[in-house]
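Structure record follows, encoded as structure tokens.
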Amino acid sequence: MKLDSGYLWLGLYFILNLSLTLYNKAILNNFRFPWTLTAIHTLCGTIGCYLLYQFGYFIPARLGKHEDLVMLMFSALYTINIAISNVSLNLVSVSFHQVIRAMTPVFTIIISIAFLQKSYSAMTYISLFPVVIGVAFATFGEYDYTFIGFFLTILGTLLASIKTIVTNRIQVGRLKLNPLDLLLRLSPLAFLQCLMYAYATGELSKVSEFSATHMTSNLMLGLLMNGVIAFALNIVSFTANKKTSALTMTVAGNVKQVLSITLAVMIFNININFINACGIFLTLLGGAWYGYVELSQKKTNNSPHLLPTMISTDIKHDLINDRHSHTLSEKNHLVNV
């Protein structure tokens, strides 16, 4: 497998995402301030990207006022998505919340067809059924919810789909931003927005009171390490999104959700019933099936169902070989597509 392979980055995304999920659960047991924790994540992202920029790991693109406005709107979408998700989770059961979020790939397809004029193969549609149904079975429980909770959960799922699609478009569309460049622009804005939300909800005052009496050096170190892992996950997530597709990332998110349940069962000795076990199996099967369908269609160079992705080095090489009789300038044009 090539070091620059999209599937390698997807594997790193799984590992870091699962690690951060378990780490967040451990941290939030002692530090029950989710918005402040998110602000720490974005602050670490800001500092980390700035240091990498100073050491010459990437060169920020020059953007105009229109592109800067796009970045501001994208950061607002990022923050609002988190806000809606947190608020809705307080109004519905965890099981109901996870089941609705499992519909993210469906929303991604609907938005892509309606606004991006994308088309998908029949096998792509079929491969998504086990994923959605599997998550429903894996999280089977009492689906308690209110009308406003139901509405906000649907809205949060829709926003998650839009965020994934916009991320993909920003990185592979006209802007073609480097993942570190995108994170450098997004993190400071998201950090300020998280602080504003934490202040508006009264969380910052509670953090101040908590820090005066309960903050320890070990907890501070734990929060710092948590932020560093979140920074690494953001880089890997944006890179994986750029090298695969928005739909692939949403399906990967569903599979990751079930893998989190599986790890929780193994680590914390949680009992699951037969329906939950069937759901885990279905989701993993659906995720593997979707990956096989995508890879097969890419190999046959017949993948109109995917959002635009970067042209691989192999395809570029083939294009050049096929047009060996063209001029050098034409070849350079193909390489820089």
Side-chain angles (χ1 to χ4, degrees), residues 2-6 8-17 19-20 23-24 35-82 163-198 220-246 249 308-313 335-337:
K2 297 181 179 180
L3 293 179
D4 204 32
S5 168
L8 176 61
W9 285 102
L10 202 60
L12 291 174
Y13 166 78
F14 273 120
I15 294 172
L16 288 175
N17 206 329
S19 300
L20 187 63
Y23 203 162
N24 281 345
W35 278 105
T36 304
L37 183 62
T38 305
I40 293 174
H41 290 177
T42 54
L43 178 62
C44 287
T46 301
I47 296 174
C49 285
Y50 182 75
L51 290 176
L52 291 176
Y53 162 64
Q54 289 295 323
F55 284 109
Y57 281 89
F58 71 99
I59 299 176
R62 292 185 178 181
L63 302 182
K65 293 182 179 180
H66 175 73
E67 287 78 11
D68 288 334
L69 180 60
V70 170
M71 290 297 103
L72 178 61
M73 295 175 64
F74 180 61
S75 68
L77 173 63
Y78 171 82
T79 306
I80 292 173
N81 177 51
I82 298 176
K163 182 177 75 70
T164 304
I165 292 173
V166 172
T167 299
N168 184 270
R169 297 292 291 182
I170 285 175
Q171 294 187 115
V172 303
R174 184 170 60 86
L175 293 180
K176 291 183 173 62
L177 288 182
N178 181 289
L180 288 171
D181 191 358
L182 177 59
L183 194 58
L184 178 62
R185 299 173 190 277
L186 175 65
S187 295
L189 296 172
F191 171 68
L192 293 176
Q193 291 161 4
C194 286
L195 285 184
M196 292 171 59
Y197 191 90
M220 290 180 63
L221 180 61
L223 289 171
L224 176 61
M225 290 301 299
N226 187 265
V228 171
I229 294 176
F231 168 57
L233 174 61
N234 278 324
I235 294 176
V236 170
S237 177
F238 284 139
T239 304
N241 194 321
K242 183 174 183 177
K243 294 183 178 298
T244 56
S245 72
M249 293 301 294
T309 56
M310 293 183 67
I311 299 178
S312 68
T313 304
V335 173
N336 293 321
V337 170

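Keep in mind that this is a model prediction, so the values were computed, not measured. No hydrogens, no waters, no symmetry mates; every other heavy atom, side chains included, goes into these values.
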Atom pairs and distances, side-chain donor-acceptor, residues 179-196, under 3.5 Å, sequence neighbours left out:
| from | atom 1 | to | atom 2 | distance (Å) |
| --- | --- | --- | --- | --- |
| D181 | OD1 | R185 | NE | 2.8 |
| D181 | OD1 | R185 | NH2 | 3.3 |
| D181 | OD2 | A61 | N | 2.8 |
| R185 | NH2 | A61 | O | 2.4 |
| S187 | OG | L183 | O | 2.8 |
| Q193 | OE1 | T79 | OG1 | 2.5 |
| Q193 | NE2 | S75 | OG | 3.1 |

To the nearest 0.5 Å, what is the distance between CE (M71) and NE2 (H66)? 9.5 Å

State whether the number of non-hydrogen atoms from other residues, nucleotides or ligands found under 6.0 Å of I59 atom CD1 is greater than 12. no

What's the spacing between I47 CD1 and L51 CG if we round to 0.5 Å? 7.5 Å

Taking side-chain contact (heavy atoms from CB on, under 4.5 Å) as the test, write out the residues that go with L37, two or more places apart. N24, I27, L28, H41, L223, N226

F231 versus C49, closest heavy-atom pair with distance: CE1-SG, 3.6 Å

Show me the pairs that pass side chain to side chain donor-acceptor pair (under 3.5 Å) and involve residues 52-62, at least two apart or across chains. Y50-Q54

Using only atom types and a distance under 3.5 Å, with no angle test, would you say the side chain of Y197 pairs donor to acceptor with the backbone of I80? no

Results of side-chain hydrogen bond (donor to acceptor under 3.5 Å, both in side chains) for T36 - residues two or more places apart only: E203

CG of L16 to CG of N234, rounded to nearest 0.5 Å, is 10.0 Å

Taking side-chain contact (heavy atoms from CB on, under 4.5 Å) as the test, write out the residues that go with V166, two or more places apart. F74, L77, I162, I170

Heavy-atom distance under 4.5 Å between the side chains of W9 and L12, does that happen here? yes

